[in-house]
Amino acid sequence: MLRTNTCGELKLVNKNEKVTLSGWVQRTRDLGGMTFIDLRDRYGITQLVFNMETNPKLCEAARKLGREFVIKVTGEIAERINKNLKLATGEIEIVVNDLEVLNTSKVPPFTIEDNTDGGEELRMQYRYLDLRRNVNRDNLKLRHLMAIETRKYMTSQDFIEIETPYLIKSTPEGARDFVVPSRMNAGQFYALPQSPQTFKQLLMVAGYDKYFQIVKCFRDEDLRADRQPEFTQIDCEMAFVEQDDVLNAFEGLAKHLFKTIKGLNVDDFPRIQYVDAMKYYGSDKPDLRFDMKFVELNDPAKGKGFQVFDSAELVVGINAEGCGGYSRKQLDKLTDFVRKPQIGAKGLVYIKCNNDGTFKSSVDKFFGQEELNRLAKQFNAKPNDLILILAGEKNRTRKALCELRLEMGSRLGLRDPNVFKPLWIVNFPLLEWNEETQCYHAMHHPFTSPKKEDFSMLENTPGEVRANAYDLVINGVEIGGGSIRIHNKQLQQRMFKLLGFTEEEAQSQFGFLMNAFEYGAPPHGGIAFGFDRWVALFAGTDSIRDVIAFPKNNAGRDVMIDSPSAISDDQLKEIHMRLDFNE
RNA sequence: GGUCACGUAGUUCAGUUGGUUAGAAUGCCGGCCUGUCACGCCGGAGGUCGCGAGUUCGAGUCUCGUCGUGACCGCCA
């Protein structure tokens with residue numbers, strides 16, 4: 001037998017038991033006359049003790065063991081003379097009388113410790129060693145628990161998990177598809193799904209009125225810390241529902257996860273209109289852990305002769321409470337921050353609210369004390385507050401101020417990763433104007449239904465039509481999004497036309513869906529959650545790579561197995577492909 | 001497609017204005033040590049400064065290119 005117990009479970013109550021343990025050598029402490037070894041497995045660490053006086057041969061063998069050797073030991077559980085309360089098994093140790101090396105190990109390229117000395121690159125290359133560390137094991141365990149709790153909750157609500165295919169059909173809307181050549185059908189390709197969207201709608205037509213799936217999705221786009229080419233969604237769909245039914249159902253799932261995973265009872269989630277989120281936070285995924293709402297200043301700020309304000313489409317600011325003491329240098333740094341190309345503001349106007357009730361501003365030349373006071377009142381600013389104002393084109397300025405708001409939130413320590421502020425953003429626009437292609441495209445996806453009361457605007461002002469679409473946002477992270485779908489062939493056709501599809505294109509790409517709508521499609525809607533992001537959020541990390549066992553780097557490469565890689569000429573021939581690119 | 005940062009010992013990093021033999025910590029190897037638990041103490045080995053070109057009397061340091069890694073913009077229904 002290779003083991004009778006794990007390295008995390010033996011306690012004082014097991015004293016004098018004879019046990020066999022197997023695991024990895026975490027560390028040896030050779031004191032000369034005696035040697036201690038920390039033996040590690042997934043469950044914990046147990047101390048082994050070898051004594052030169054009682055068993056010199058065995059003790060010599062133990063001294064030769066290197067880090068990460070795999071060993072099997074048999075011995076008796078003894079109470080420690082010096083207990084280590086930092087360790088779950090710290091009250092006992094194993095007095096070893098038999099030692100077998102199951103496998104040796106090269107010296108690992110970095111230490112398998114909580115505070116490892118290994119850098120990102122190296123740890124990715126030796127991911128199987130990195131995964132031995134506690135932080136990764138805890139993250140993967142958290143991921144597992146969240147998946148289990150999701151399945152438990154969904155099952156309790158009568159949802160059933162149904163698998164949908166991975167080899168499907170390429171369609172133009174949305175992200176770039178990963179594509180798979182077909183051997184049996186020369187010149188034709190499958191695509192990997194960007195999501196099971198159309199299949200789950202077909203399941204609704206089929207009468208499976210509560211569906212979910214924890215499922216891989218694939219998008220061939222450039223990566224970020226929170227984006228992988230393959231990622232996991234909690235994909236859900238319901239029939240006979242309206243927007244509120246969906247929000248309530250999945251607010252239930254979110255609350256269940258907060259409760260069971262984080263032990264938190266969270267309040268009902270606020271529901272914020274898309275237009276309000278943009279107006280007050282400059283973002284469709286506001287971080288509500290802190291307030292610092294935007295205050296628009298077009299009326300009071302214009303007409304004072306300050307060209308920047310007078311010519312701006314929008315003048316808008318925030319109040320950074322308690323920052324009135326910022327030095328010139330600190331303010332310059334903030335100005336540099338907003339002028340970075342990614343932020344894109346031209347400059348930053350400040351108003352310092354001095355403790356004596358006076359104001360100091362970068363636009364003193366144009367605004368007297370009284371006028372500054374009037375501006376400050378709009379923010380409910382108190383002495384020692386700092387008002388920061390940006391001006392310019394509306395969308396750009398809001399986006400820049402959003403970044404500045406988050407930066408100030410971070411500086412003021414208002415973005416505690418242990419605090420969670422979920423909310424719904426509702427009533428997204430149906431369409432978005434794309435400058436590049438000079439046409440509208442669906443903001444969510446082309447199956448999203450417009451608001452009934454906005455139908456009349458579809459012909460003349462389609463940009464103003466609102467959709468039955470919603471996002472779940474937690475702490476400034478978009479965790480999920482969905483919509484009430486179109487279930488009527490005529491409306492779906494009209495939608496495709498609006499998006500610039502010809503009738504033939506729509507038919508060849510989505511005919512299967514529209515045909516299905518002719519056979520009694522029920523009203524339906526759903527949502528999909530970014531599972532990796534949700535786990536990352538609960539794990540307190542910014543990068544979803546930390547919660548994926550074998551992630552890819554930001555060029556889409558797996559540096560451990562070295563993929564993607566070339567394939568042989570024979571393989572190419574089999575799939576009827578010839579390469580055509582410059583090396 | 002673009003912007004920025006980084007690349008020096010196994011590893012993580014420092015390295016001044018361009019100037020003698022490139023340092024520290026940790027890991028590794030050897031020795032001592034009977035209650036350690038980040039054990040301690042003593043000693044040792046370990047470097048194509050990512051790669052290529054250029055400037056210079058002289059380059060880890062400056063310039064250009066290139067490769068790798070990370071972050072971001074575009075992109076991601």
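First the proteins, then the strands, lettered A, B, ... as listed; each starts at 1.
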Note: A/Arg227-A/Asp222 ion pair, threshold 4.0 Å (strictly below): no

Atom P, compared across B/A22 and B/G31: separation rounded to whole Å: 30 Å

Over 12 foreign heavy atoms within 6.0 Å of CD, A/Glu503: no

Side-chain donor-acceptor pair present, A/Ser195, A/Gln233, cut-off under 3.5 Å: no

Donor-acceptor pair between A/Gln201 and A/Gln197 side chains, under 3.5 angstrom: yes

Partners meeting salt bridge (Lys or Arg N to Asp or Glu O under 4.0 Å) with A/Arg137 (sequence neighbours left out): none

Counterpart base for B/G35, defined by Watson-Crick or G-U wobble contacts under 3.5 Å: none

All ring-ring contact (aromatic ring centres under 6.0 Å, His included) counterparts of A/His445, not counting sequence neighbours: A/Phe447

For A/Tyr274, ring-ring contact (aromatic ring centres under 6.0 Å, His included) partners two or more places apart: A/Phe428

Contacts of type ring-ring contact (aromatic ring centres under 6.0 Å, His included), residue A/Phe517, not counting sequence neighbours: none

Under-4.0 Å side-chain N/O to phosphate OP1/OP2 contact, A/Lys83 with B/G35: no

Whole-angstrom distance between B/A24 and B/C67, as gauged at atom C1': 29 Å

Minimum-distance nucleotide (side-chain atoms of A/Arg29 versus B/C76, B/A38, B/U36): B/U36

Touch class at under 4.0 angstrom, heavy-atom based, for A/Leu122 against every strand present: sugar-phosphate

Paired nucleotide for B/C51 [Watson-Crick or G-U wobble; both distances under 3.5 Å]: B/G65

Residues in contact with RNA chain B, drawn from residues 463-491 of chain A - heavy-atom cutoff 4.0 Å: none

A/Lys451: side chain to side chain contact (heavy atoms under 4.5 Å, CB included) partners, not counting sequence neighbours: A/Gln243, A/Asn427, A/Glu453, A/Asp454, A/Arg466, A/Asn468

Closest to the A/Arg27 side chain, choosing from B/U36, B/A38, B/C76: B/A38

Polar-atom pairs under 3.5 Å, protein N or O versus N or O of nucleotides 6-8 of chain B: list them with distances, or write none.
none

Sugar-phosphate, base or nothing in reach of A/Glu53, heavy atoms under 4.0 Å: base

Could I get a table of every N or O pair under 3.5 Å where one atom is in the protein and the other is in nucleotides 69-73 of chain B?
unit_1	atom_1	unit_2	atom_2	d
B/U69	OP1	A/Asn553	ND2	2.8
B/G70	OP1	A/Arg545	NH1	3.3
B/G70	OP2	A/Asn554	N	3.3
B/G70	OP2	A/Asn554	OD1	2.5
B/G70	N7	A/Asn554	ND2	3.4
B/A71	OP2	A/Arg545	NH2	3.1
B/C72	OP2	A/Ala225	N	3.4
B/C73	OP2	A/Arg224	NE	3.2

Contact pattern, 5' to 3', of nucleotides 23-33 of chain B - B, S or - by protein heavy atom under 4.0 Å: ----SS----B

Listed partners of A/Tyr166 passing ring-ring contact (aromatic ring centres under 6.0 Å, His included), at least two apart: A/Phe218

Touch class at under 4.0 angstrom, heavy-atom based, for A/Met52 against every strand present: nothing

Side-chain H-bond candidate by donor/acceptor type, A/Gln47 with A/Arg29, under 3.5 Å: yes

A/Phe36 over B/U36, stacked by centroid distance under 5.5 Å, angle under 30°: yes

Complementary nucleotide of B/G44, counting Watson-Crick and G-U pairs under 3.5 Å: B/C28

In a table with atom names and distances, give each donor-acceptor pair under 3.5 Å that connects a side chain of residues 71-80 of chain A to protein atoms at least two apart or in another chain.
unit_1	atom_1	unit_2	atom_2	d
A/Lys72	NZ	A/Met1	O	3.4
A/Thr74	OG1	A/Thr20	OG1	3.0
A/Glu79	OE1	A/Lys15	NZ	3.0
A/Glu79	OE2	A/Lys83	NZ	2.6
A/Arg80	NE	A/Gly90	O	3.4
A/Arg80	NE	A/Ile92	O	2.8

Touch class at under 4.0 angstrom, heavy-atom based, for A/Ser195 against every strand present: base

Where at least one partner belongs to residues 211-220 of chain A, residue pairs that pass salt bridge (Lys or Arg N to Asp or Glu O under 4.0 Å), sequence neighbours excluded: A/Lys216-A/Glu230

Parallel, tilted or perpendicular: ring planes of A/Tyr440 versus A/Trp433, cut at 30 and 60 degrees: perpendicular

Pair of N/O donor and acceptor under 3.5 Å linking B/G35 base with A/Glu93 side chain: yes

